[in-house]
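Encoded as structure tokens, the structure appears first; notes follow it.
Within every chain, numbering begins at 1; the chains are lettered A, B, ... in the order of the sequence lines, protein sequences first and strands thereafter.
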2 protein chains.
Amino acid sequence: MVAHRLDEIDRKILAELQADGRMTNVELAKRVGISAPPCLRRVRALEDAGLIRGYHAEVNARELGFEVQVFAMVGLESQAEVELSAFEARCREWPLVRECHMLNGEVDFMLKCVAPDLSSFQSFLTGQLLTTPNVASVKTSLVIRGAKDEPGVPFDVLEERLSRTA
Amino acid sequence: MVAHRLDEIDRKILAELQADGRMTNVELAKRVGISAPPCLRRVRALEDAGLIRGYHAEVNARELGFEVQVFAMVGLESQAEVELSAFEARCREWPLVRECHMLNGEVDFMLKCVAPDLSSFQSFLTGQLLTTPNVASVKTSLVIRGAKDEPGVPFDVLEERLSRTA
DNA sequence: GTCGGCTGCGCAATAATCTTTCGTACATGC
DNA sequence: GCATGTACGAAAGATTATTGCGCAGCCGAC
């Protein structure tokens, strides 16, 4: 990890932009305690270094008509690398699958899916996921309600960790 | 859902801002085919309506020193509402827990966690999660690699769906 | 029909921000 | 001591955000 090459200002920038990605550069500069030009240079550098992958609006899926969220745990027949990659490629094609993570343990993949309603998801499940070659088992769990949803990184933990190292 | 009250321009705006949350308003206006002022008014309206919840920079967790990502499936002793809320509140306190979803089925909660390394996660697991009152069982799965990670909503599905309804 | 009233667009102007340029300060190494 | 590299901050011009205003289209009411 390259976190050591970042000073406190860089980490503050990342934390602020993670919390509010549309913050103006002048506001950001004010918050991290430097003037606008070097602040913008740092942001560009963080983007170029790949530490900032992009910026996204967080939309209200439920209000937009995606009322169903499902975790699907998928087991494959063969775990050969070719098969794993093939399944991942499929997941990237399916719009209802928003996340696909390869896991250790008995389950091979964890999928997070969204759908307009249960029947839409069912038809995806039976018509697409379950009919995919090499898929051995799928266990699904409906999300009843969400209690916390903050993708990203806890910068306070990072700060604490670095201060201990230093 | 209020998606019906949105016209095609609004949905395009949402799709564009989900893909690039820092797009300038003039660029956004150009892409959706209207001039800047009404475009900005629409964005503000979408924000006020809660359809846009916020904007966030997507950071590279691994490069920042969070090399471990874990799904934890938690079962509780009691599923009384008080207990469920209490557990959710705990999850909101724990910085390593980034997501907490209540599920149907045998598992009560699905947690997505990050940690700097395995031992950090282990100490969280044994020192915090497993010692929490009312926690009956925790099954964890390490993320080996990520194949897709696009939180949000597939707007192409939404469009298709609305065109069928209309 | 046509007369308000409503909604939403676009133009124009101003305010704010972004972005580049340039000069300076500080630390490092020779 | 002095060159060198790095990063800051002030200033200025370009771009963008934001507001105010006039206009067109689209209903209901009469």
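Taking every heavy atom of both residues into account, A136(B) and L76(B) meet most closely at CB-C, 3.8 Å. Shortest non-hydrogen contact noted between V43(A) and L28(A) is CG2-CD2, 3.7 Å.
Here dC9(C) is the nucleotide among dC18(C), dC9(C), dT19(C) with the atom lying nearest to any side-chain atom of P38(B). Distances from the side chain of T24(A) to the nucleotides dG10(C), dA11(D), dC18(C) place dC18(C) closest. In the set dT21(C), dG20(D), dC18(C), dT21(C) carries the atom at the smallest distance from any side-chain atom of R41(A). Side-chain atoms of S35(B) lie closest to dG10(C) of the nucleotides dG10(C), dG9(D), dT16(D). Taking every side-chain heavy atom of N25(A) into account, dC18(C) is the closest of dC18(C), dG10(C), dT18(D). For L40(B), counting side-chain heavy atoms from C-beta on, the closest listed nucleotide (dA17(D), dG10(C), dG9(D)) is dA17(D).
Checked for salt-bridge contact, R44(A) and E47(A) meet the test: a charged N lies under 4.0 Å from a carboxylate O. Under a 4.0 Å N-O distance rule, the pair E8(B)/R11(B) does not qualify as a salt bridge.
Atom CG in D7(B) sits roughly 18 Å away from atom P in dG25(D) (whole-Å rounding). A straight line from CD1 of I34(A) to P of dT6(D) spans 17 Å, rounded to a whole angstrom. The NZ atom of K30(B) sits 11 Å away from the P atom of dT15(D) (whole-angstrom rounding). Remark: P of dT17(C) and CZ of R22(A) are 14 Å apart, rounded to the nearest angstrom. Atom-to-atom, CG of L6(B) to P of dT7(C) comes out at 17 Å; the value is rounded to the nearest Å. When rounded to the nearest whole Å, the span between CE of M23(B) and P of dC18(C) equals 17 Å.
Residue order along DNA chain D, read from the 5' end via each residue's closest nucleotide, puts P37(A) first among P37(A) and A36(B).
Between the side chains of E81(B) and S85(B), at least one donor-acceptor pair of N or O atoms lies under 3.5 Å.
Put simply, the side chain of R42(B) and the base of dG8(C) share no donor and acceptor less than 3.5 Å apart.
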